[in-house]
Structure formats: C-alpha cells, structure tokens
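Notes to accompany the following structure.
The first residue of the sequence shown is numbered 1, and numbering continues consecutively from there. Both counts, for ligands and for their atoms, begin at 1 and track the order of listing. All values below were derived from every heavy atom in this structure, side-chain atoms included, with hydrogens, water molecules and symmetry-related copies excluded.
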Amino acid sequence: MNSPEFKLLDTMSGEVKPLETLEPNHLKFYSCGPTVYNYAHIGNFRTFLTADLIVRTAEAIGWKVSYVSNITDVGHLTEDSFVDSQGEDKMARALASKEGEHFHNVWELAEFYERAFIEDWQRLNLREPYVRPKATQHMREQILAANQLVSQKNAYETPSGVYFDVESFESYGKLSGNTQDKLREAVREVVLDENKHKQADFALWKKDDQHLMQWYSPYGWGFPGWHLECSVMARAYLGDTIDLHGGGEDLIFPHHECEIAQSESLTGKPFCSHWVHTRFLLVNGEKMSKSLGNYYTVRDLLAKGVDPLAIRYALMGGVFNKQYNFTDQGLRDAGRIIERFAEADRAADVASGADDSSSASLKEELEVLYQECLEAMLNNLNTSVALAKALEGQRIILRQGGKLNAKSGAIAKEFLNKINQLLGIVRPEYSLEISTSQSQAETDLDSALIERLIEDRKSAKKNKDFTLADSIRKQIEDMGVEVQDTPTGTIWKVKSGI
Ligand code: AMP
Ligand code: ZN
C-alpha cells in the first residue's frame, strides 16, 4: 500500500524531509521520557505532545507504530546537561528536599511521581506507548553494554567510573555540531575529573557505593550513566536501528549525541534515521522557571479548574519546531474552543429525524476539511493549520444547530471522531475517574501524600521529635487540610471554603 509522505524536520540534516521507515509502513519510534523526581511541567508535556501527535499522524495514514517512551528513574544528574556526570542524582536530591520528606525511600518517590506522571499524561489524552521501560529494570543490559564498550576500547575504567572515549567514535558531534575539535575549547573543559582521559568523555557507569540506588557491576557498586539507559532501552524494544528518536531541544547535546556514539559503537550499525526535537515552551514570554513563579504543572492548572484538553489545545497552538509562548489568554481561549467541540459532539449525538438532502454537502465539506487537517499534520506537524481546519469543521457543525438530522449527525460525528483520533481535542480518551472530576482527582492524589505525612508525624511523635511533628502538621495544614487527633487516631479533612 502506498501511503502519503510524512514530512518532519530532521535535526541531523536540518531539513524537513519524509520519514523513511526501515520496514514499510512501520514506524519504530523512541521518545525520551521524564525523570520522575517531581511533577512534570507543561513544558515537558509540550515535548511529549509532539511525540503523541507523530504517533497519531502516522496511525492516521495506516502505519503501525512501535512507540517506546521510557521512565528515567536513576542516573540523571543535576549537571548532566552542562558537564558530564557532575552534580547529584536528581532522584536523590529530590528525596533530600522538603517534598522528599514524606517518602520513605527513593524507590517510593520514583513510584509516586511516575504514577502522577502517567495520570497527567492520560488527562492530556496522550497515547500510551506500547512499552514504557524503566532504567532501573534494564540494569543488566546497561552493565553488559558498558562491558562491551570497554572490551572494544571505546571506553575505559577510572577510579570514579567507566567513561566513553569520544575519540574512539569518529563521527562524534554529527547531531549537535559539537565535534571533538569544538569540544576541546568548549565548556566541558571546565570539568574537573582528572582521571578522565579527555573532559569530553562521558560516563557509562559511575562508581558510588554510597549512592541510594546502586547495583553491582564488574566495576564495583554504582549506577549507570543517563545516556546509556536510553541507548539500551531503545535497542531492547526496537532493535539496532530505529526510524525516529525524539525529545526536547536540550537533549540534542549531550544526551542524544552520546546515545549515537554508544549505540553505533555497540552495534556497528546506524542508530537512528530521523531525529525530532521540540523547542522549548515559554510562559508569558519568559523562560519557565520556579523562581519566576511561572512554572506550571498540569495539576496546578487543573486545580484552577482548567479543562485538561484546554491545556492540550493551548500547547498545540504553535508548531513544535519553534519556541512557543504559553499565555493565560491562550489557555482561556483554548478552554472556550474545547467547550464548543464538546457542544458539537453533543449536537451530533442527539441529532435525529429524516434526511433533508443537506447531508451530502456537509459530508463533502467535512471530508475536505479533515483531509486538509491531515495534510497539515503530514507537513511537519503544522498544528496551527490543522487546528484551524478542525475549528472550521466544528463551526460548520454548530451552525447547523438543531437542523442536524440522523444522517448529517452521523456525518458530523464521524468528522469529530476522526479529528479526535488525529488531534485528541474533542473528548477524553481515557475513562479515568479523574477525567470526570478533576478536583476529586486532585484530592485523591493528595490523599496519598497526606496519609503519608500523617504516618510520618505519628513516627515523629513516637520518637518524641515534637518540632518535626509540628512542622509536618503545618505542612499538612498548608495544603488546606485540617488535622484532628482523636482517641482512635488522627483524622483529616479538607478545610471548609477551599
Ligand atoms: P526531564 O524530565 O528533565 O528529563 O525532561 C523531559 C522532557 O521534557 C525532555 O525531553 C526535555 O527536553 C523536555 N523539556 C524540558 N523543559 C521543556 C520546556 N520548557 N519545553 C519543552 N520541552 C521541555
Ligand atoms: Zn533519553
């Protein structure tokens, strides 16, 4: 079967070019997932949404998609984007932080944020990957890969770990342009590990017998490098060569550059044919950051009563390969549009009565609009145009109002179904309790936290650490919750008026 071309900007060549799959009509796609040390923010979700839209568009032209998106639950260090293998493990640092206080250990923290992440993912109508592997579940493959690279002399051991020798991989820099020559003078020269042969070399394994998450390897106790995780998981589920690999723009270097070096050294084959990177989301014109107070998680917005599909719609307003400004106004507009899609959907559901011949022209109009919408997505995921086409169809349906009859109602429904398949903006696709009541979802999620805090307070009181017990009580109360100690135990309830 001849399917249409699906064009996408490829970071390696800098060109918008057709996705070529190794197997006809079968896309093997690996998209880097989150590090689960905190709630993901809407910037992260802009990147995951790009992946989702690629999957949906490929499926809309009849491709099979093997879509893998991982969970990083160990090894991503705080300085990893700037200097190799420096800083603390993000997971360990989160456990040591204030928020980390109510988790008993780092595993529990990872599990909690992973669960929260998947909930947010589903609220935003993101397609489930066919597998969501975790770095901690692929330790054996990572150790074997490090071993192989050492025995091939692509890597070497030092007192602090195992490092990939970038000079052993001639085309290092082909994705990011950070070639070895450039790197010699670049920022990485400031890095301090004097045991490394060259500062541009990067860690495959960090030796650390004090680390909270450690495994035994031929190099002693330690944990894997962040880059190795993705090389190994991509290979485990998709094979030696994949068709497409994606992430946010900050992953081009070092993360993806290092993945290429490792994977191609391990297999002797090309690692990936096409690279897609989502430019950053800005909030009200500024870089999103906690200190500027413009840092939103999905649940921050849900708590304000925002419809999750409005978040999705607002994130789709700009094309993925340009930075995009998320504004309060944009979100409000998106909310109104999402309501109208729901209205059109209801109108199509209740339509009845005999056909009056208007359905033929409606069918033609909506079919053209759907085709134009799909074409826009096939043309480098042009979401701005695709949304405009979807919106035009929605307006046509709403203009029919009560005139929709059984036949034209079915035509409208078919259009909305197809738009929902492609763009995910008409109705929630997961039957989650949370999707029927966000505030309930918030409460459910916080319940787990509150219960845990109450347990911690109980232990603090048992250990006669009343200062800690009081500070935990304050922390719970700051969440808008009233705590009461009763003869049968501690109970809590949401403070009235909140
Ligand atoms: P992390 O959990 O830090 O590994 O990030 C998960 C994904 O979100 C990565 O692909 C990042 O590149 C991406 N990302 C981080 N910040 C933003 C942002 N502001 N806009 C878009 N993507 C982002
Ligand atoms: Zn990755």
Taking atom 11 (C) of ligand 1 as the reference point, the nearest protein heavy atom with its distance
D250 OD1, 3.4 Å
What are the protein N, O or S atoms, given as residue plus atom name, that sit under 2.8 Å from the Zn ion (ligand 2)?
C32 SG, C230 SG, H255 NE2
Whether D89 and K206 form a salt bridge (side-chain N of Lys/Arg under 4.0 Å from carboxylate O of Asp/Glu) is what I want to check.
no
Minimum side-chain heavy-atom gap M377-N382 below 4.5 Å:
no
With a sphere of 6.0 Å drawn around NZ of K64, does it hold more than 12 non-hydrogen atoms of other residues, nucleotides or ligands?
no
Using the six-membered ring wherever Trp is involved, compare the ring planes of H41 and Y295 and label them parallel, tilted or perpendicular (cut-offs 30° and 60°).
perpendicular
Parallel, tilted or perpendicular: ring planes of F103 versus F112, cut at 30 and 60 degrees:
tilted
Would one find more than 12 heavy atoms of other residues, nucleotides or ligands at under 6.0 Å from atom CD of E111?
no
Counting only nitrogen or oxygen atoms and a 3.5 angstrom limit, does G248 reach ligand 1?
yes
Look at atom NZ of K7 and say whether more than 12 heavy atoms of other residues, nucleotides or ligands are closer to it than 6.0 Å.
no
SB check E114 R132 (cutoff 4.0 Å):
no
Considering only the protein, which heavy-atom contact is closest to atom 9 (C) of ligand 1, and what is its distance?
L251 CD1, 3.9 Å
The closest protein heavy-atom partner of atom 20 (N) of ligand 1 is L281 N, 2.9 Å
Within less than 4.0 angstrom of ligand 1, does T278 place any heavy atom?
no
Looking only at non-hydrogen atoms, the one of N44, N38, V36 nearest atom 8 (O) of ligand 1 is N44
Report yes or no: does H277 have a heavy atom closer than 4.0 Å to ligand 1?
no
Give a yes or no on whether E170 atom CD has more than 12 heavy-atom contacts from other residues, nucleotides or ligands under 6.0 Å away.
no
So is Y37 touching ligand 1 or not, going by heavy atoms under 4.0 Å?
no
